[in-house]
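Since the structure comes first, as structure tokens, the remarks are kept for the end.
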There are 2 protein chains.
Amino acid sequence: MDDLTEMLKGTLEGCVLEIIGSEETYGYAITRRLNELGFTDVVEGTVYTILLRLERHGLVQVTKRPSGVGPPRKFYSLNDAGREELARFWTKWQYVSSRIDKLKEGGR
Amino acid sequence: MDDLTEMLKGTLEGCVLEIIGSEETYGYAITRRLNELGFTDVVEGTVYTILLRLERHGLVQVTKRPSGVGPPRKFYSLNDAGREELARFWTKWQYVSSRIDKLKEGGR
DNA sequence: AGCGGTACTCGGTATCACGTAGTACTGGTT
DNA sequence: AACCAGTACTACGTGATACCGAGTACCGCT
């Protein structure tokens, strides 16, 4: 699949929120998860900028823990604000994707 | 619906391509069409920047015609490159939206 | 003459994903 | 002990995009 970067703008952050929401996890693992989900070209740098943004916006709780196989990991989990933001994201996604699908079906 | 701008990045241009592909039309009408499709906050300035970009990328054919109710209109239609780009857009959309929907369903 | 609706242009801004380079910790190999 | 690959995070800059605001211009109607 060719370049998806523009189409992922505004949705990738939501995907990261969803992943964090489903289980407490850390940046490196999130990148792997996105890759196996089909977003093969998403690289670590991108995920870390998103994580820093989420932290700056106060949507996540961060806990640092030693890893055993490398430097310590920063584990992320959603707080209340994060769960609200995630819900908002899915509402918006539902809205936008349904309109676009309608347009695709020649929606008059 | 609150702010959708980030989520529309990368998709709005495809929507405009689709609208032009279904009938020869012009900027002002495209804006109205998007608005009635549910993208209520998309304004003329945005559509015109997209149209200029499409023209610069050689994806559309442009014909200026008098309007009778105002200044002359620039009518846009897709050329071969535009139709190819539109097909690529829908392929990408199908790819991305299906992965995101899968993630939403707790895709393991 | 003025006004509202139509129609397009242009310059600047914010946000976002991405590229690249760098730092740092660990365990295993030589 | 020295090196390296894999893990894990940080920081700075770039390009693309949607949006905002102001401006220009044309038309019919009052």
Side-chain angles (χ1 to χ4, degrees), chain A residues 1-17 24-35 39-57 59-60 62-76 85 89 92 96 100, chain B residues 1-17 24-35 39-57 59-60 62-76 85 89 92 96 100:
Chain A
M1 177 61 49
D2 45 286
D3 194 25
L4 302 176
T5 70
E6 289 310 323
M7 201 171 278
L8 291 178
K9 288 196 178 173
T11 61
L12 198 54
E13 179 179 313
C15 294
V16 172
L17 275 175
E24 187 187 42
T25 182
Y26 56 98
Y28 195 79
I30 293 170
T31 310
R32 297 287 152 268
R33 181 98 180 81
L34 286 168
N35 293 153
F39 305 110
T40 52
D41 293 343
V42 173
V43 293
E44 290 154 43
T46 301
V47 173
Y48 288 117
T49 52
I50 291 174
L51 290 174
L52 290 177
R53 194 161 66 227
L54 294 179
E55 195 175 350
R56 213 168 56 236
H57 291 345
L59 302 174
V60 289
V62 188
T63 315
K64 205 166 205 166
R65 297 210 196 96
S67 129
V69 295
R73 294 167 174 160
K74 285 174 71 176
F75 280 83
Y76 293 83
E85 181 60 32
F89 167 73
K92 278 161 67 167
V96 169
I100 291 179
Chain B
M1 178 59 52
D2 46 285
D3 194 25
L4 303 176
T5 71
E6 289 309 323
M7 201 172 278
L8 291 178
K9 287 194 179 175
T11 60
L12 198 53
E13 179 179 313
C15 293
V16 171
L17 274 175
E24 187 185 41
T25 181
Y26 55 98
Y28 195 80
I30 293 170
T31 309
R32 297 288 152 267
R33 181 99 180 81
L34 285 169
N35 292 153
F39 305 109
T40 52
D41 293 342
V42 173
V43 293
E44 290 154 42
T46 300
V47 174
Y48 288 117
T49 52
I50 292 175
L51 290 173
L52 291 177
R53 194 162 65 228
L54 295 179
E55 194 175 350
R56 213 167 55 235
H57 291 345
L59 302 174
V60 289
V62 189
T63 315
K64 204 167 206 168
R65 298 211 197 95
S67 128
V69 294
R73 294 166 175 162
K74 285 174 71 176
F75 280 84
Y76 293 82
E85 181 60 32
F89 167 73
K92 278 161 67 167
V96 169
I100 292 179

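Proteins come first, then strands; the chains are lettered A, B, ... in the order of their sequence lines, and each starts at number 1. It should be emphasised that the depicted structure is a prediction, and the values quoted were computed from it without experimental measurement. Note: hydrogens, waters and symmetry copies are ignored here, and every other heavy atom, side chains too, is used.
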> Of B:Y76 and A:T11, whose closest DNA chain C nucleotide lies nearer the 5' terminus?
Replying inline: B:Y76

>> So B:L4 and B:D41, do their side chains get closer than 4.5 Å, heavy atoms only?
In response: no

Nucleotide N/O to protein N/O under 3.5 Å, stretch nucleotides 19-21 of chain D:
{"residue": "D:dC19", "atom": "OP2", "partner": "B:T46", "partner atom": "OG1", "Å": "3.2"}

>> I need the A:Y28 OH to A:R73 CZ distance, nearest 0.5 Å.
In response: 10.0 Å

>> What contact category does B:I50 fall into here, base, sugar-phosphate, or nothing, at under 4.0 angstrom with non-hydrogen atoms?
In response: sugar-phosphate

> Of the non-hydrogen atoms in A:T31 and A:V43, which two are nearest, and what is the gap between them?
Replying inline: CG2-C, 4.0 Å

>> Tell me the interatomic distance from B:E44, atom CD, to D:dG23, atom P, rounded to whole angstroms.
In response: 17 Å

>> Between A:N35 (side chain only) and A:V42 (backbone N and O only), is there a donor and an acceptor less than 3.5 Å apart?
In response: yes

> Roughly how many Å is it from CD in B:E55 to C1' in C:dC10, rounded to a whole number?
Replying inline: 15 Å

> How close or far is atom P of D:dG15 from atom CZ of B:R56, stated in whole angstroms?
Replying inline: 14 Å

> Quick one: are A:M7 and B:M7 in side-chain contact, heavy atoms under 4.5 Å?
Replying inline: no

> Between the main-chain N or O of B:T11 and the side-chain N or O of B:K92, is there a donor-acceptor pair closer than 3.5 Å?
Replying inline: no

>> From CZ of A:R33 over to C1' of D:dA8, roughly how many Å is that when rounded to an integer?
In response: 19 Å

> If we only count heavy atoms from C-beta on, is the B:K74 to B:E55 side-chain gap below 4.5 Å?
Replying inline: yes

>> Both A:G68 and A:E13 contact DNA chain C. Taking the nearest nucleotide for each, which residue is further toward the 5' end?
In response: A:E13

> Is there a side-chain contact between A:Y76 and A:L17 (heavy atoms, below 4.5 Å)?
Replying inline: no

> Given D:dC9, is OP1 or OP2 found less than 4.0 Å from the side-chain N or O atoms of A:Y48?
Replying inline: yes

> So, is A:Y26 near the phosphate of D:dC9, with a side-chain N or O under 4.0 Å from OP1 or OP2?
Replying inline: no

> Expressed in angstrom and rounded to an integer, what is the separation of A:F89 atom CZ from C:dT15 atom P?
Replying inline: 19 Å

> Roughly how many Å is it from NZ in B:K92 to C1' in D:dT17, rounded to a whole number?
Replying inline: 13 Å

>> Measuring from the side chain of B:P71 (C-beta onward, heavy atoms only), which nucleotide among C:dA7, D:dA16, C:dC16 has the closest atom?
In response: C:dA7

>> I want to check one thing: is the phosphate of C:dC25, taken as OP1 and OP2, less than 4.0 Å away from some side-chain N or O of A:R73?
In response: no

>> At less than 3.5 Å, do the side-chain atoms of A:K9 and the base atoms of C:dT15 form a donor-acceptor pair?
In response: no

> When you check the phosphate oxygens OP1 and OP2 of C:dT15, does a side-chain N or O of A:R53 lie under 4.0 Å from one of them?
Replying inline: no

>> Rounded to whole Å, please give me the gap between CD in A:E6 and P in D:dA16.
In response: 8 Å

> CE of B:M7 versus P of C:dA17: gap in Å, rounded?
Replying inline: 11 Å

> Between A:K74 and D:dT10, does any side-chain N or O lie under 4.0 Å from OP1 or OP2?
Replying inline: yes

